[in-house]
Number of protein chains: 2
Amino acid sequence: MRAPQRREEIVRMARSNGLASVEHLAEVFGVTQSTIRRDLSTLDKSNQLARTYGGVIAVRSPHHEASLQERASECHGAKDAIGRWAAGQVEPGQTVLLDAGTTTARVAAHLHGTSPLTVVTSGLTPFFELADDSGMERILLGGEYREVSQSFVGPLTEAALDRWSFDRAFLGADAVTAERGICEASPVQTRLKELMARAGDQVYVLAHAAKLGATPFNAWVHLPGKWTLVTDAGATAEQLAPFESRGITTVLAD
Amino acid sequence: MRAPQRREEIVRMARSNGLASVEHLAEVFGVTQSTIRRDLSTLDKSNQLARTYGGVIAVRSPHHEASLQERASECHGAKDAIGRWAAGQVEPGQTVLLDAGTTTARVAAHLHGTSPLTVVTSGLTPFFELADDSGMERILLGGEYREVSQSFVGPLTEAALDRWSFDRAFLGADAVTAERGICEASPVQTRLKELMARAGDQVYVLAHAAKLGATPFNAWVHLPGKWTLVTDAGATAEQLAPFESRGITTVLAD
DNA sequence: ATGAATCTGCGCGTTTCGCGCGATACGCTC
DNA sequence: GAGCGTATCGCGCGAAACGCGCAGATTCAT
């Protein structure tokens with residue numbers, strides 16, 4: 001049996017049982033524990049499993065892996081600050097929309113304690129950050145699953161969204177410019193964001209400084225109506241000026 | 001600082017960062033690594049965290065914990081057999097509905113390799129078991145989240161379901177009797193199941209032997225149309241007789 | 001105030017880990 | 001078919017982390 005094949009099998013076994021020990025795996029495959037350890041080390045590095053003392057544990061939660069990477073990223077602090085400020089705009093009793101994304105996930109995390117509250121989201125990342133409070137109603141817009149963004153898009157999502165209006169709508173973005181609006185990887189995403197903005201009474205676009213003025217993709221949308229740009233203290237005056245000159249309120253979270 | 005308080009804080013820190021090392025924790029709290037190790041051991045036993053070599057990892061993925069418990073339960077083997085049989089009924093190119101629940105999650109797990117496929121589900125447990133195949137379209141019916149069943153219910157779910165029909169519909173159940181049909185904890189669930197059955201061309205009810213004839217709750221529904229009862233080899237002839245005498249096809253998975 | 005229960009630090013033996021080395025198997029080229 | 005590079009494996013050793021028992025300290029209730 002080849003090594004890659006054995007590693008796949010290890011992942012399968014670990015996920016099936018939740019746990020697996022080095023000793024047991026070595027016996028099953030008829031190799032030394034050293035070999036198993038090497039395999040586990042490889043799998044651990046590629047985030048498919050987590051090592052434990054004497055074995056492995058399955059960490060298949062889809063958001064877990066990304067969450068870990070996210071927290072290690074340098075802009076996590078900025079996103080958290082933005083999320084905290086945004087959560088502060090929410091008052092008990094309201095109905096709130098959270099777009100998919102790691103920044104809106106930070107909003108969700110800081111929503112803890114604001115109760116009662118109805119939170120609607122299209123992303124698993126923010127969804128799982130929502131507290132299991134008694135007064136918290138958690139609603140997921142279903143739809144077609146996009147693995148890369150851990151979110152739902154498509155006609156089903158849009159149809160579900162069509163049944164709501166929101167006191168606050170918090171949108172994420174891959175990039176934002178004053179001239180072209182919000183940038184995303186695909187038109188299905190920009191269309192969804194447009195609908196989201198339409199459904200929100202007060203609309204906030206959350207984007208840390210690195211996203212201001214960037215153009216990583218080619219799908220753009222101008223948000224309808226008024227909205228507020230929330231970014232972090234790292235944003236420069238030059239970055240903010242074009243927004244303010246167009247009458248867009250800008251906020252620096254800190 | 002008291003020990004329970006410190007342990008809470010450790011959980012909080014681990015969840016916030018995903019990871020935490022023994023060394024770092026010992027420094028932060030100003031105690032020896034032994035003490036930290038004891039804490040981690042305690043928290044590990046109570047399933048709040050998972051130990052790793054040199055630290056801990058957060059495993060608060062909502063389904064992970066339940067998944068582990070589920071696999072330890074004695075009826076897991078039966079559910080898996082049922083799931084394997086059910087997955088065998090699915091052919092490439094079809095559109096399939098999976099109800100929420102641990103049994104339908106086993107169906108999802110065995111759907112791996114059947115491609116292309118469109119799978120629609122209302123439960124997170126089956127959803128996360130679905131493989132990330134290229135030909136696999138994963139669709140989640142959104143709605144209001146029920147923590148206990150890790151699934152979505154309510155008008156939004158029903159509205160989303162209304163947009164589909166399915167080649168195969170696999171329903172779970174808290175209990176099944178020939179006389180009264182499917183039993184659930186609440187009417188919102190039974191109503192959803194009724195709609196699911198209506199949307200399915202071929203309908204299967206998956207229930208291991210212990211669920212046949214039981215009456216744990218008080219919300220019942222008679223499924224419309226024909227359906228097939230799939231159970232495990234542990235079901236007795238007396239349990240099956242009432243179903244067969246009513247013309248319901250029964251299958252013993254093995 | 002006093003006794004029980006819990007918690008903590010320390011030391012020790014045990015287990016697991018990671019790394020480097022040499023050997024082996026596989027695939028590719030000429 | 002011979003030669004050669006790459007990937008993989010088993011083994012041994014030193015290091016790191018672990019669990020356990022014991023004794024002193026702290027907390028809490030009576």
Side-chain angles (χ1 to χ4, degrees), chain A residues 1-61 64-69 71-72, chain B residues 1-61 64-65 67-69 71-72 112-113 132:
Chain A
M1 176 179 287
R2 313 197 182 296
Q5 185 182 347
R6 185 184 57 237
R7 281 171 197 161
E8 264 185 52
E9 186 68 12
I10 289 176
V11 173
R12 217 187 51 76
M13 287 177 64
R15 291 205 177 145
S16 157
N17 297 326
L19 293 168
S21 76
V22 172
E23 189 181 355
H24 177 242
L25 289 171
E27 272 183 35
V28 170
F29 292 105
V31 295
T32 50
Q33 300 192 358
S34 298
T35 304
I36 297 294
R37 264 187 260 281
R38 265 188 283 257
D39 291 338
L40 300 190
S41 176
T42 305
L43 295 169
D44 181 36
K45 275 181 196 128
S46 62
N47 284 323
Q48 302 189 54
L49 297 171
R51 293 238 41 198
T52 63
Y53 189 78
V56 282
I57 188 171
V59 288
R60 180 186 177 116
S61 49
H64 186 270
E65 178 183 338
S67 167
L68 238 77
Q69 293 173 3
R71 298 194 204 271
Chain B
M1 177 179 282
R2 312 196 190 301
Q5 185 183 347
R6 186 184 56 237
R7 284 173 194 161
E8 266 184 51
E9 187 66 12
I10 289 177
V11 173
R12 215 186 55 74
M13 287 178 62
R15 294 212 176 134
S16 156
N17 296 327
L19 293 168
S21 76
V22 172
E23 189 181 355
H24 177 241
L25 290 171
E27 271 182 36
V28 170
F29 293 106
V31 294
T32 45
Q33 300 193 356
S34 299
T35 304
I36 297 294
R37 266 187 257 279
R38 265 188 284 258
D39 290 338
L40 300 190
S41 177
T42 306
L43 295 169
D44 181 36
K45 277 181 194 127
S46 62
N47 284 323
Q48 303 188 56
L49 297 171
R51 296 240 38 201
T52 64
Y53 187 77
V56 281
I57 188 172
V59 289
R60 182 58 179 181
S61 51
H64 185 270
E65 188 179 333
S67 167
L68 262 142
Q69 293 173 4
R71 301 195 202 270
H112 180 76
D132 184 16

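In what follows, chains are A, B, ... by sequence order, proteins preceding strands, each numbered from 1.
- Using a 4.0 Å cut-off between charged side-chain N and carboxylate O, B:R6 and B:E9 make no salt bridge.
- Looking at heavy-atom distances under 4.0 Å, B:T42 makes no contact with the nucleic acid at all.
- Remark: C1' of C:dG11 and CD of B:Q33 are 14 Å apart, rounded to the nearest angstrom.
- If you measure from atom CG of A:L25 to atom P of D:dG10, you get 14 Å, rounded to the nearest angstrom.
- Looking at the side chain of B:S34, the nearest of the listed nucleotides C:dC10, C:dC7, D:dC11 is C:dC10.
- A close approach under 4.0 Å does not occur between any side-chain nitrogen or oxygen of B:R38 and OP1 or OP2 of C:dT6.
- Counting only heavy atoms from C-beta outward, the side chains of B:V11 and B:L49 approach each other to under 4.5 Å.
- Between A:D44 and A:V56 the shortest side-chain heavy-atom distance does not fall below 4.5 Å.
- As rounded to whole Å, 19 Å separates atom P of D:dA7 from atom CD of A:Q5.
- In terms of the salt bridge (charged side-chain N to carboxylate O under 4.0 Å, His left out) criterion, residue partners of A:R7 (sequence neighbours excluded) are, by chain and number, A:D39.
- Here D:dG19 presents its C1' atom at 10 Å from NZ of B:K45, a figure rounded to the nearest Å.
- Dashed line: the shortest gap from a side-chain N or O of B:R51 to OP1 or OP2 of D:dG19 is under 4.0 Å.
- If you find the closest nucleotide of DNA chain C to A:L40 and to B:G30, the one lying nearer the 5' end belongs to B:G30.
- Between the CD atom of B:E23 and the C1' atom of D:dA16 there is a distance of 11 Å, rounded to whole Å.
- The interatomic distance linking A:D44 (CG) with C:dG18 (C1') rounds to 13 Å, in whole Å.
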Under 3.5 Å, sequence neighbours excluded: what are the donor-acceptor pairs made by side chains of residues 18-34 of chain B?
from	atom 1	to	atom 2	distance (Å)
B:S21	OG	B:H24	N	3.0
B:T32	OG1	B:T35	OG1	3.2
B:Q33	OE1	B:R37	NH2	3.1

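- Comparing B:P4 and A:Y53 along DNA chain C, the residue whose closest nucleotide (by nearest heavy atom) sits nearer the 5' end is B:P4.
- If you measure from atom CD1 of B:I36 to atom P of D:dA17, you get 14 Å, rounded to the nearest angstrom.
- Between A:T35 and D:dG10 there is a side-chain polar atom (N or O) within less than 4.0 angstrom of OP1 or OP2.
- Among the heavy atoms of the strands, none lies under 4.0 Å from B:S21.
- Distance CZ (B:R6) to P (D:dT26): 15 Å, rounded to an integer number of Å.
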